[in-house]
Protein chains: 2
Amino acid sequence: MPALPPGYSIRRLEAKDYEGVVETLKVLTVVGDVTKSQFEELVKYWNDTTLHIGVHSLPVYNPHVVVDETGRVVATGTVFIERKIIRGCGLVGHVEDIAVAEDQQGTQLGLLLIQHLTKLAHDRGCYKVILDCDQKNVGFYEKCGYRRCGVEMDHRL
Amino acid sequence: MPALPPGYSIRRLEAKDYEGVVETLKVLTVVGDVTKSQFEELVKYWNDTTLHIGVHSLPVYNPHVVVDETGRVVATGTVFIERKIIRGCGLVGHVEDIAVAEDQQGTQLGLLLIQHLTKLAHDRGCYKVILDCDQKNVGFYEKCGYRRCGVEMDHRL
């Protein structure tokens, strides 16, 4: 069972993580122009968006970061929770935007972050957790306990 | 350009659609025990969950139904809108739970519903709309203007 390197930790993303998160996400895709105030507004939205089931309230968005012993963001990813009708009004977790800093790849941070987000979603009652990935990353996600179950398709203008 | 049959319409799902939606979704998967009051509570949650960008407010969940000339639900599907950091704090639409009543299949209702939901998501500012499907449905979604872009993976307890 892998563990985080000494001094590393996983925690919920905070507004102060602006620079580290934006830098880390650039490994994954085009981040574009995201100002500090836009980031702070988005983090507030994520923090304020909750889901109420009976007496329970839980966050819909669960963005997380891995930080090293100096507090630097070295990985990020999120899982958000969708309320469906099917499966007895079931919940589904969607893992999104997993990125690991280039100098930290191959260190199992990605696997540990995925496992953390997956457990969080199941603990909150999700009957399944899904993610979409490139064909070349299927083996990695299989190591994380996922299995191939379908095809992702997209529509862009 | 296909059109709905005379008397058919597409509209947002309402609490009164309980029986028709539950029956229609059974074509797709296990719906399980969903009581009328659970359904009504879920529809209220979907209606109340909004996303604020600047001065604009828009619904996160956009469940829709196709009804025939008698008002019977003959198809259902939804698109929900996720707020991301990447792509300049971009929005992504997730099309989910598309189901067409068995006696209405082959009538283009699915295609018309997908086009409606996809346009809705783009009109609300989504830079892309994604969905996951079985391999056997790839050709159908290609006819709807989607293209294969990745692999869906899932994790279940």
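We name chains A, B, ... by the order of the sequence lines, and we start the count at 1 in each one. What's counted below: heavy atoms across the whole structure, side chains too, no hydrogens, waters or symmetry copies.
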- Part of B:C126 within contact of chain A (heavy atom distance under 4.5 Å): neither

- Message: For the CE atom of B:M153 and the CD1 atom of A:I114, what is their distance to the nearest 0.5 Å?
- Response: 10.5 Å

- Message: Using heavy-atom distances under 4.5 Å, tell me whether B:K84 contacts chain A through its side chain, its backbone, both, or neither.
- Response: both

- Task: Check the hydrophobic clustering (I, L, V, M, F, W, Y; side-chain heavy atoms under 4.5 Å; chains of links allowed) and say if B:L42 and A:L58 are grouped together.
- Result: yes

- Message: Can you confirm whether more than 12 heavy atoms, excluding those of A:E102, are under 6.0 Å from its CD atom?
- Response: no

- Return the option, out of B:Y141, B:Y45, B:W46, with the maximum number of heavy-atom pairs under 4.5 Å with chain A. B:Y45

- Item | Aromatic plane relationship, A:H94 with B:H94 - under 30° parallel, 30 to 60° tilted, over 60° perpendicular | perpendicular

- Task: Could you tell me the separation between the CG atom of A:D48 and the NE2 atom of B:H52, rounded to the nearest 0.5 Å?
- Result: 9.5 Å

- Query: Any idea which of B:T49, B:I86, B:I130, B:D154 has the most non-hydrogen atom pairs under 4.5 angstrom with chain A?
  - Reply: B:D154

- Does B:E14 CD have over 12 foreign heavy atoms under 6.0 Å away? yes

- Pick whichever of A:V22, A:V95, A:T29, A:V30 has the most heavy-atom pairs under 4.5 Å with chain B. A:V30

- Message: For chain A, which candidate among B:E96, B:E41, B:Q38 shows the most heavy-atom pairs at distances under 4.5 Å?
- Response: B:E96

- Ranked by heavy-atom pairs below 4.5 Å to chain A, first place among B:E152, B:R156, B:Q135 goes to B:E152

- Which of the residues B:T76, B:D134, B:V21, B:L51 is involved in the greatest number of heavy-atom pairs with chain A at under 4.5 angstrom? B:L51

- Can you tell me if B:Y61 uses its side chain to pair, donor with acceptor, with the backbone of A:R83 under 3.5 Å? yes

- Query: Quick one: do B:L117 and B:V27 end up in the same hydrophobic cluster if we chain Ile, Leu, Val, Met, Phe, Trp and Tyr together by side-chain heavy atoms under 4.5 Å apart?
  - Reply: no

- Note on the structure: Of A:G32, A:G145, A:G93, the largest count of non-hydrogen pairs under 4.5 angstrom with chain B goes to A:G145

- Message: Quick check on B:Y127 against chain A: is it the side chain, the backbone, both or neither that has a heavy atom closer than 4.5 Å?
- Response: both

- Heavy-atom proximity to chain A below 4.5 Å, by part of B:V34: side chain

- Task: Mind ranking B:G150, B:A121, B:C89, B:A99 by heavy-atom pairs under 4.5 Å with chain A and telling me who comes out on top?
- Result: B:G150

- Message: Please determine whether the number of non-hydrogen atoms from other residues, nucleotides or ligands lying under 6.0 Å from atom CG of A:D123 exceeds 12.
- Response: yes

- Applying a strict 4.5 Å limit to non-hydrogen atoms, the region of B:V43 in contact with chain A is neither

- Task: Assess whether atom CD of B:E142 is packed by more than 12 heavy atoms of other residues, nucleotides or ligands within 6.0 Å.
- Result: yes

- Using non-hydrogen atoms and a 4.5 Å limit, figure out which bit of B:V92 sits close to chain A: side chain, backbone, both or neither. neither

- Could you have a look at A:R87, A:R148, A:K26 and say which one has the most heavy-atom pairs with chain B under 4.5 angstrom? A:R87

- Note on the structure: Which of A:K128, A:H122, A:R147 passes side-chain contact (heavy atoms from CB on, under 4.5 Å) with B:H155? Answer is A:H122

- A:L25 vs B:I85, side-chain contact (heavy atoms from CB on, under 4.5 Å): CA-CA, chis, key distance, verdict: CA-CA 9 Å; A:L25 282 169; B:I85 300 168; 3.8 Å; yes

